[in-house]
Amino acid sequence: DGAGHLYAYTVRERILNNQDYQLGTELSDNHIELTNTYQPKTQIKVTKVWAGGESITKPDVTFVLKQNNVEIKRLTLKDGDTSFVWRDLDKYDADGNLYQYTVEEVFTSDHFRQKGEIVKDCHGFTITNEYIVPKTSITVDKVWVGGPKVKPIITLELLRRVTDQILNSDFDVNKHSFVEGDGSQFEEVVSTIELVNGTTSYPWTDLPATDGAGHLYAYTVRERILNN
């Protein structure tokens, strides 16, 4: 300036609304070189869909992001989270070739499984897990005390109702499915069978232990009393 103080100069580039270029600066001997490198970015959205089991706590699910079949990122969704976005991902490699991104799911659960293929569209990836209804079994035994050797035919009804209990990892459906009762509190007859003379037991197998939302069923057996 007028007093002899040195001026320092620099150059500033105004960034356009285009995130596909990365700015680099190099200084040497009163020479400023500004380099704009074409490096477009992309983002990947993953959406998690749970089909059924609405009342059950969902397991943690880990998603693996692969770039040209090579894992580059992982992220875990907790119960209640249904989507996320990986941002600021390179769209092309150094030679200008478009990267191929894929997503894989990693989780372990006795109550859910992946339904169909992972769906990819313009919005990202959608992965659906469906509820696996657990099964249980009930066996009824008929005991006759006294009376003639030839026994009459009897009719047995298997009934069930939905309870307010929710399936969880510590619940043994085979120990909690059957309850004693006369059937008056049970709204649904699941099966009706007849026991003929000489038959003293009957097994009901492959019974759903819960409804589609994960509420436990309670079962009981009712005998139709004959006029005998």
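Values in this document were obtained by computation on a predicted structure and should not be read as measured data.
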Is any side-chain heavy atom of Phe107 closer than 4.5 Å to a side-chain heavy atom of Asp60? no
Mind listing the closest non-hydrogen atom pair of Tyr92 and Pro40 along with its distance? CD1-CG, 3.2 Å
Heavy atoms, side chains only, cut-off 4.5 Å: are Pro152 and Trp144 in contact? yes
Does Tyr217 reach the side chain of Leu207, with side-chain heavy atoms less than 4.5 Å apart? no
Could you grab the distance from atom OH of Tyr101 to atom NZ of Lys73, nearest 0.5 Å is fine? 9.0 Å
Nearest 0.5 Å, what's the CD1-CZ distance between Ile138 and Arg160? 10.5 Å
Any chance you could measure Glu157, atom CD, to Thr220, atom OG1, to the nearest 0.5 Å? 11.0 Å
With rounding to the nearest 0.5 Å, note down the distance linking CD1 in Ile118 to NZ in Lys120. 11.5 Å
Any donor and acceptor pair, going by atom type alone, linking the side chain of Asn68 with main-chain N or O of Tyr99 inside 3.5 Å? no
Measure from the side-chain N and O atoms of Asn197 to the backbone N and O of Lys151, and report whether any donor-acceptor pair falls under 3.5 Å. yes
If you compare all heavy atoms of Gly212 against all heavy atoms of Tyr131, which two are closest, and at what distance to 0.1 Å? O-CD2, 3.4 Å
Are Trp204 and Val162 co-members of a hydrophobic cluster defined by side-chain heavy atoms under 4.5 Å apart? yes
Any idea which heavy atoms bring Thr163 and Ala218 closest together, and the distance? CG2-CB, 3.7 Å
Does any part of the side chain of Thr210, heavy atoms only, come nearer than 4.5 Å to the side chain of Pro134, both counted from C-beta? yes
Please name the pair of heavy atoms, one in Tyr219 and one in Pro208, separated by the smallest distance, quoted to 0.1 Å. OH-O, 2.6 Å
Using modelled atom types only, decide if a donor and an acceptor are shared between the side chain of Gln114 and the backbone of Gly116 within a distance under 3.5 Å. yes
Working to the nearest 0.5 Å, report the span between CD of Glu71 and CD of Glu104. 8.5 Å
So for atom CG, which belongs to Asn97, do other residues, nucleotides or ligands contribute more than 12 heavy atoms lying within a distance under 6.0 Å? yes
Could you walk me through whether Glu130 and Arg113 satisfy the side-chain contact (heavy atoms from CB on, under 4.5 Å) test, starting with their C-alpha distance in whole Å, then the side-chain angles of each, then the deciding distance to 0.1 Å, before giving a yes or no? CA-CA 6 Å; Glu130 63 180 348; Arg113 64 189 171 200; 3.0 Å; yes
Over all atoms of both residues, closest heavy-atom pair of Trp86 and Val103: CZ3-CG2, 4.1 Å
Aromatic centroids of Phe63 and Phe84 separated by under 6.0 Å: yes
Any side-chain heavy atom of Ile132 sitting closer than 4.5 Å to one from His111? no
Rounded to the nearest 0.5 Å, what's the gap from OG1 on Thr192 to CZ on Arg222? Could you check? 8.5 Å
Would you say Ile193 ends up clustered with Val221 if hydrophobic residues are merged whenever their side chains have heavy atoms under 4.5 Å apart, either directly or through other cluster members? yes
Do Ile166 and His215 have side chains that approach each other closer than 4.5 Å (heavy atoms only, starting at C-beta)? yes
If I compare all heavy atoms of Thr47 with all of Lys45, which pair ends up nearest, and what's the gap? OG1-CE, 3.8 Å
Under 4.5 Å between any side-chain heavy atoms of Leu77 and Thr82, yes or no? no
May I ask you to test the Glu223-Lys142 pair for a side-chain heavy-atom distance under 4.5 Å? yes
Residue from Leu89, Thr102, Ile72, Ile44 passing side-chain contact (heavy atoms from CB on, under 4.5 Å) with Gln67: Ile72
Closer than 3.5 angstrom, by distance alone: can the side chain of Lys58 be matched with the main-chain N or O of Asp81 as a donor-acceptor pair? no
